[in-house]
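Worksheet: one structure, shown below.
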Amino acid sequence: MHQDVEKILFTQEELEDRVRELGRQITEDYQGKEVAVASVLRGSYIFMADLTRAIELPITVDFMAVSSYGAGTVSSGQVEIKKDLSDSIEGKNLIIVEDILDSGNTLYYLMDVLRARKPESIRICTLLDKPERRTKPIRADYTGFTIPDAFVVGYGLDYNEKYRNLPYIGILKPEVYGG
Ligand code: PRP
């Protein structure tokens, strides 16, 4: 375990199993449909790679990047599109892939922007959900794990751009972020 990690919340194996289940569920739900899977960088890059490989449908993949947190641990409430999707989503069944749903601010804003582009449907798939922290009325259609309000890193999630490559999800030691 990394020295800055207090506790492992989900092991590599637990993540693999849950992501495979989510992929199976999505595969069942979207039989016969045209599906575009789009992830919000950067935190979701590992989840996206694993999830899409667990979906047995002819999907397309796309990416967007937004920024809301800056270098801190608390969302500023400001959302800015840094990189937009490359393809049109008009008429597509869009699945937005996120690593974590926290205040809901990012997705609340994004859903508005994306709905205006007239997709056939939009659903949200998040690996982690922290419902306690929600300030915007938004919920995920597919959730990997519901977690308490702890500072988690690994499997794509960072603190100050570090720890994304840890193969598990761990709780960061409070002294690392001055908590
Ligand atoms: C994280 C995460 C979500 C957002 C969730 O991104 O990937 O996009 O915060 O928080 P919210 O529900 O409070 O809006 P972050 O801004 O940390 O960027 P990153 O994905 O590049 O790590």
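In listed order, ligands and their atoms are each counted from 1.
- Residue Ile100 approaches ligand 1 through these ligand atoms, each under 4.0 Å from one of its heavy atoms: 2 (C), 3 (C), 5 (C).
- There is no side-chain donor-acceptor pair under 3.5 Å between Asp129 and Thr146.
- For ligand 1, the polar-atom distance check against Glu161 finds no nitrogen or oxygen pair separated by under 3.5 Å.
- Residue-ligand proximity, Leu41 to ligand 1, at heavy-atom distances under 4.0 Å covers atoms 20 (O), 21 (O).
- Note: no N/O pair closer than 3.5 Å links Leu107 and ligand 1 by distance alone.
- Lys92 and Glu90 are not joined by a salt bridge, as no carboxylate oxygen comes within less than 4.0 angstrom of a charged side-chain nitrogen.
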Verdict with supporting geometry, Glu161 and Arg42, salt bridge (Lys or Arg N to Asp or Glu O under 4.0 Å): CA-CA 9 Å; Glu161 296 308 325; Arg42 284 177 260 182; 3.2 Å; yes

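- With a heavy-atom cut-off of 4.0 Å, Asp99 touches ligand 1 through its side chain alone.
- With ligand atoms numbered from 1 in the order given, ligand 1 contributes 11 (P), 12 (O), 13 (O), 14 (O) to contacts under 4.0 Å with heavy atoms of Ser103.
- Distances from ligand 1 to the non-hydrogen atoms of Arg164 include at least one value under 4.0 Å.
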Residue pair Asp84, Arg117: steps toward the salt bridge (Lys or Arg N to Asp or Glu O under 4.0 Å) verdict: CA-CA 12 Å; Asp84 207 338; Arg117 299 180 188 180; 2.8 Å; yes

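- Between Gly104 and ligand 1, a contact under 3.5 Å exists for at least one N or O pair.
- Residues Val153 and Leu166 have side chains in contact (heavy-atom distance under 4.5 Å, counting atoms from C-beta outward).
- Among Asp129, Thr106, Thr126, Val153, the residue whose heavy atom sits closest to atom 14 (O) of ligand 1 is Thr106.
- Aromatic ring centres of Tyr168 and Tyr155: separated by at least 6.0 Å.
- Checking Tyr163 against Asp4 by side-chain atom types alone, a donor-acceptor pair falls below 3.5 Å.
- Contact atoms of ligand 1 toward Glu98: 2 (C), 3 (C), 7 (O), 8 (O) (distance under 4.0 Å to a heavy atom of the residue).
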